[in-house]
Amino acid sequence: MAGLSLRGIYKKYPGGFVAVTDVNLEIRDKEFIILVGPSGCGKSTTLRMIAGLEEITEGELYIGDRLVNDIAPKDRDIAMVFQNYALYPHMTVFENMAFGLKLRKVPKDEIARKVEEAARILDLSHLLDRKPKAMSGGQRQRVALGRAIVRSPKVFLLDEPLSNLDAKLRAQMRTEISKLHKKLGTTFIYVTHDQTEAMTMGDRIVVMKDGFIQQTDTPQKLYEEPCNKFVAGFLGSPQMNFIDAMLKKNDGGQYYVEFGSEDTKSSRGTKYTIVLPESKVSGDKVMADLERYVEREVILGVRPECVRDEENIVNTAQTGVIDCNVEITEMMGAETFLYLECEGIPITARVSPRTTAHPGDQIKVALDPNKIHLFDKETEKTIVN
């Protein structure tokens, strides 16, 4: 088995376009790591450079202790699973899974043993004589995984393998791939633009944008401590609420954010405040950072689940209670999404399905001050998590 080391990796195309810029990443042996980001962020290009399908313009790529920049894809001991399965339509499942081993002149009895073992792991044993056209999308995807498994590679590369499946199958295959990773005990590098896949499957997530790595960390750390507004907004569904606000400091030395307006089309024209709790302002560095932003515009971030409409919470909240108009409600079964408007600011709340809010209602909600984030208005970097 093997870890990987990407050191100062660049991908530049003729004409000057830079698809990937200065990627530095250490991937541990047996780790399940996810590259995630919007279309065109460089994640698939990075994966293809690891596979050897794209040439590395600058930097060094190590698999284990071996520099592989100039090693052919077939000699890198990796296996790649593609978005479109890439199965041979005229071959059976057995023949598709065995094809790579046949090219390597592996003995027939060993091929049969490896294919049958992979088929057992993937629950494909009863389908070995079928051809791809007689199979569902999920079954074809398992065949593509099986073709990779039989080679016993050091590293599995998966390029958006579930994007062609429907929602129910995607959820099922997420679980199957996670189980497969644990069974095989090898390194998985998985590319997706779906943040749900990233949050549920990876040991660590690499968030990319415009060819740059924005942040690399565990799913929970990224969710709770994003390094900038992009990461905060990309992870989480519905996405984090962002509110233009002003950071201020009162006579008692408390920091607070203020938002809303005294001159809007609404009859209220109210300004709202949220006092930052002690947990948000502890530490010399945080205090120094906050002091620089006093009387400056910042971006206030709060996740939908931290916008609460329960009466007991609203009535006992010391700070952060705001008046909202309910515009749309979406019943999702185990939860309800409320799409609200406060002083012209759109806010999404994720609340209990027992909520009594209906479109057209005016309600009070409480923004949890312990869960707010503050971002620099210009650089969008995190000030406080």
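As the structure is a computational prediction, the values presented were derived from the model and not from experiment. Numbers here are sequence positions counted from 1.
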Ring-face cation of Lys248 near Tyr255 (centre distance under 6.0 Å, axis angle within 45°):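 Ring-cation test returns no.
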Cation-aromatic face contact Arg147/Phe99, 6.0 Å, 45 degrees: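 The answer is no; the distance or angle limit is not met.
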Taking [X] for the side chain and [Y] for the main chain, is one N or O donor matched with an acceptor at less than 3.5 Å?
{"X": "Asn24", "Y": "Gly8", "value": "yes"}
{"X": "Asp203", "Y": "Glu31", "value": "no"}
{"X": "Thr187", "Y": "Lys30", "value": "yes"}
{"X": "Glu160", "Y": "Ser163", "value": "no"}
{"X": "Glu297", "Y": "Met246", "value": "no"}
{"X": "Lys209", "Y": "Pro38", "value": "no"}
{"X": "Asp361", "Y": "Ala357", "value": "no"}
{"X": "Thr336", "Y": "Val351", "value": "no"}
{"X": "Arg140", "Y": "Pro132", "value": "yes"}
{"X": "Thr382", "Y": "Cys227", "value": "yes"}

Is there a side-chain contact between [X] and [Y] (heavy atoms, below 4.5 Å)?
{"X": "Phe337", "Y": "Thr355", "result": "no"}
{"X": "Tyr272", "Y": "Val321", "result": "no"}
{"X": "Tyr293", "Y": "Ile383", "result": "yes"}
{"X": "Asn385", "Y": "Glu224", "result": "no"}
{"X": "Leu290", "Y": "Leu374", "result": "yes"}
{"X": "Tyr256", "Y": "Asn250", "result": "yes"}
{"X": "Ile189", "Y": "Ile27", "result": "yes"}
{"X": "Ile50", "Y": "Arg76", "result": "no"}

Steps toward side chain to side chain contact (heavy atoms under 4.5 Å, CB included) verdict (Tyr190, Ile177): CA-CA 10 Å; Tyr190 188 108; Ile177 289 174; 4.1 Å; yes
With a 4.0 Å cut-off on N to O distance, would you call [X] and [Y] a salt bridge?
{"X": "Lys377", "Y": "Asp244", "value": "yes"}
{"X": "Glu291", "Y": "Lys249", "value": "yes"}
{"X": "Glu197", "Y": "Arg174", "value": "no"}
{"X": "Glu110", "Y": "Lys114", "value": "yes"}

Residue of the set Asp323, Asp309, Asn315 for which side-chain contact (heavy atoms from CB on, under 4.5 Å) holds with Lys364: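 With Lys364 as partner, side-chain contact (heavy atoms from CB on, under 4.5 Å) holds for just one option, Asp323.
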Among Leu25, Ile9, Leu6, side-chain contact (heavy atoms from CB on, under 4.5 Å) partner for Thr46: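 Running side-chain contact (heavy atoms from CB on, under 4.5 Å) over Leu25, Ile9, Leu6 with Thr46 returns exactly one hit, Leu6.
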With Asn228, the side chain to side chain donor-acceptor pair (under 3.5 Å) member among Lys381, Glu380, Gln214: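 Exactly one pass, corresponding to Gln214.
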Does [X] have more than 12 heavy atoms from other residues, nucleotides or ligands lying within 6.0 Å of its [atom1]?
{"X": "Arg292", "atom1": "CZ", "result": "yes"}
{"X": "His358", "atom1": "NE2", "result": "no"}
{"X": "Glu55", "atom1": "CD", "result": "no"}
{"X": "Glu295", "atom1": "CD", "result": "yes"}
{"X": "Asp65", "atom1": "CG", "result": "no"}
{"X": "Glu330", "atom1": "CD", "result": "yes"}

Trace of the salt bridge (charged side-chain N to carboxylate O under 4.0 Å, His left out) decision for Lys179 with Glu176: CA-CA 5 Å; Lys179 284 181 185 170; Glu176 290 192 21; over 6 Å; no
Parallel, tilted or perpendicular, as decided by the 30° and 60° cut-offs, for the rings of His90 and Tyr88: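 Tyr88 vs His90 ring planes: perpendicular.
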Parallel, tilted or perpendicular: ring planes of Phe32 versus His181, cut at 30 and 60 degrees: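 The arrangement is perpendicular - the two ring planes meet at more than 60°.
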Stepwise side chain to side chain contact (heavy atoms under 4.5 Å, CB included) test for Ile56 and Leu61: CA-CA 8 Å; Ile56 295 170; Leu61 170 65; 3.7 Å; yes
Shortest non-hydrogen contact between [X] and [Y], atoms and distance:
{"X": "Leu340", "Y": "Cys324", "value": "CB-CB, 3.9 Å"}
{"X": "Glu26", "Y": "Ser5", "value": "OE2-OG, 2.7 Å"}
{"X": "Val18", "Y": "Lys12", "value": "CG2-CG, 3.9 Å"}
{"X": "Leu124", "Y": "Gln139", "value": "CD2-O, 4.1 Å"}
{"X": "Gly138", "Y": "Leu165", "value": "N-CD2, 3.7 Å"}
{"X": "Thr319", "Y": "Pro369", "value": "CG2-CG, 3.8 Å"}

